[in-house]
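Working notes, structure below.
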Amino acid sequence: MAKIALGVTSSVSIYKACEVLRGFQKAGHDVQVIMSRNAAKLISPLLFNSLSGHKTIVELFEEDHPWSVAHIALAKEVGLLAVVPATANIIGKFASGVADDFLSTFYLAVEAPILVAPAMNEAMLLHRQTQDNMMKLRAQGVDFVEPAKGYLACGDEGWGRLADPDDIVRRGLELLKKRVSLQGKTILVTAGPTREYLDPVRFLSNRSSGKMGFEMAREALLRGARVILVAGPSQVAPPAKADLVRIESAADMEKEVLKRFPKADIVVMAAAVADFTFAERTGRKIKRQDLPEALRLVRTMDILKALGERKKGQFLVGFAAETEDLRANAGKKIKAKKLDFIVANDVSREGTGFDADDNQALLIDAKGHATETQKMSKRELSRVIWDAIEASLGKRR
Ligand code: CTP
């Protein structure tokens, strides 16, 4: 049994929130309702009190209830926040970080999955601003149950009708299930570039930002896994709940990964490990006039290949950065490195891959089954990748 927060805002379809509440309860979950002030004008919170068995929260500050603190406690407790129905206003507030009532403040504190079921007039739904807000939230990992076409409260026929309550409940339950889908698993994720130093000032590196690996780690944490994150230098903030191991060079990465490999169930090698390092490294800055004409480089170890050779039941996920023949090259890497799964990126495309916020990938499993994803945010892609990895894991069992 999980605790579900049901956010209710002011659309005429508000009465359908009762059905959604009942649906979650029938599946065995406990529901706490949070209403916006305008929603409380449409339906009395008392109705939700008796349906849910809990006092409905409307105000952030109330004399007899210190909800202002409660929103943090409740945010930690819930397994899902479902906002049904969601107005253009609440979607706009979520997208811009406005926190001026309980629900919008609570939204910022929630770490659990968030499901939004919009309901509004067609013109408002299709307005550029609403669409931009929804796109922004999707990119941040918020799920939507798309509104349907049909008869609207304003008398128009069109898009904007709240989705079917059964569909909303079904999607909510799916999200709840995912929260524990990797429970009990130890997942080793590598991310970011490595730096190969020539001297204390100069180094060899690459364009990796660490974003994709961090999103893979974040999503695994959301699904209940223990995550060890071995990360190279990156400007992006790593997910707070991962056990973070900071490294700089390919040799450090090799040492830390090999040490932790025996205890891992799944390894996701998203790091862009330098393929070469300097044959010699000095402790003092080399003077310009002392630098040789050419510097000698030596190969680093292919860490993923080494893991493939040593694996005892671990599920190995590699990444492939390619500029041509994506499928053929990624397919070769799966075999050569004895992988169970590969995520191949075409890094020559504009706006995806290295250092971009978006990505598009070809996912290939050990049997050669390939799926091409759409272009989407790295956060959204991390979910698609984990869904595919979990499907492959399920088949292997
Ligand atoms: N990798 C690794 N150790 C290295 C180099 C790469 O573990 N020294 C891993 C990466 O983390 C990635 C995968 O191998 O998961 C593929 O990396 P990529 O750079 O695409 O391929 P390479 O194996 O270097 O092959 P090539 O440069 O020929 O495409």
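Atoms within a ligand are numbered from 1 in the order they appear, just like the ligands themselves.
- For ligand 1, the atoms closer than 4.0 angstrom to any heavy atom of A320 are 20 (O).
- Considering backbone and side-chain N/O atoms, V273 never comes within less than 3.5 Å of an N/O atom of ligand 1.
- The N/O atoms of A271, backbone and side chain alike, include one that comes under 3.5 Å of an N/O atom in ligand 1.
- Between K333 and ligand 1, an N or O atom pair is found at a separation short of 3.5 Å.
- E380 contributes a side-chain N or O that, together with a main-chain N or O of S377, makes up a donor-acceptor pair within less than 3.5 Å.
- Exactly one residue among K375, K378, K211 makes a salt bridge (charged side-chain N to carboxylate O under 4.0 Å, His left out) with D357. That residue is K211.
- For a threshold of 3.5 Å applied to N or O pairs, the pair formed by M301 and ligand 1 contains at least one separation below that value.
- Close contacts of ligand 1 with T300, meaning ligand atoms under 4.0 Å from a residue heavy atom, involve 8 (N).
- Residue D302 touches ligand 1 through backbone and side chain together, judged by heavy-atom distances below 4.0 Å.
- Electrostatic pairing of K177 and E174 does not count as a salt bridge here, judged by no charged N lying under 4.0 Å from a carboxylate O.
- Looking at G318 next to ligand 1, no N or O pair under 3.5 Å apart turns up.
- Residue contacts with ligand 1 include K337, since one of its heavy atoms falls under 4.0 Å from the ligand.
- For the residue pair H127 and D132, no side-chain donor N or O sits within less than 3.5 Å of a side-chain acceptor on the partner.
- In terms of modelled atom types and a separation under 3.5 Å, the side chain of D156 and the main chain of L152 share no donor-acceptor contact.
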Compile the donor-acceptor pairs under 3.5 Å between side chains in residues 266-286 and protein atoms, sequence neighbours left out, one pair per line.
residue	atom	partner	partner atom	Å
T277	OG1	E196	OE1	2.9
T282	OG1	R284	O	2.8

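- For atom 16 (C) of ligand 1, the closest non-hydrogen atom of the protein is F319 O, 2.8 Å.
- Closest protein heavy atom to atom 3 (N) of ligand 1: I303 N, 3.1 Å.
- Both the sub-6.0 Å distance and the 45° axial angle are satisfied by R195 relative to the ring of F203.
- Distance screen at 4.0 Å: atom 28 (O) of ligand 1 has no protein heavy-atom neighbour inside the cut-off.
- Among all protein heavy atoms, the one lying closest to atom 15 (O) of ligand 1 is M269 O, 2.7 Å.
- Residue A321 places a heavy atom under 4.0 Å from ligand 1.
- A donor-acceptor pair under 3.5 Å links the side-chain atoms of K311 to the main chain of K338, judged by distance alone.
- Checking side-chain atoms of S205 against main-chain N and O of T194 turns up a donor-acceptor pair under 3.5 Å.
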Identify each donor-acceptor pair in which a side-chain atom of residues 12-26 lies under 3.5 Å from a protein atom, sequence neighbours left out, and give them as a table.
residue	atom	partner	partner atom	Å
S13	OG	S11	OG	2.7
R22	NH1	Q25	OE1	2.7
Q25	NE2	L51	O	2.9

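- In D275, the part holding a heavy atom less than 4.0 Å from any atom of ligand 1 is the side chain.
- Proximity of atom 7 (O) of ligand 1 to the protein is indicated by at least one non-hydrogen atom lying closer than 4.0 angstrom.
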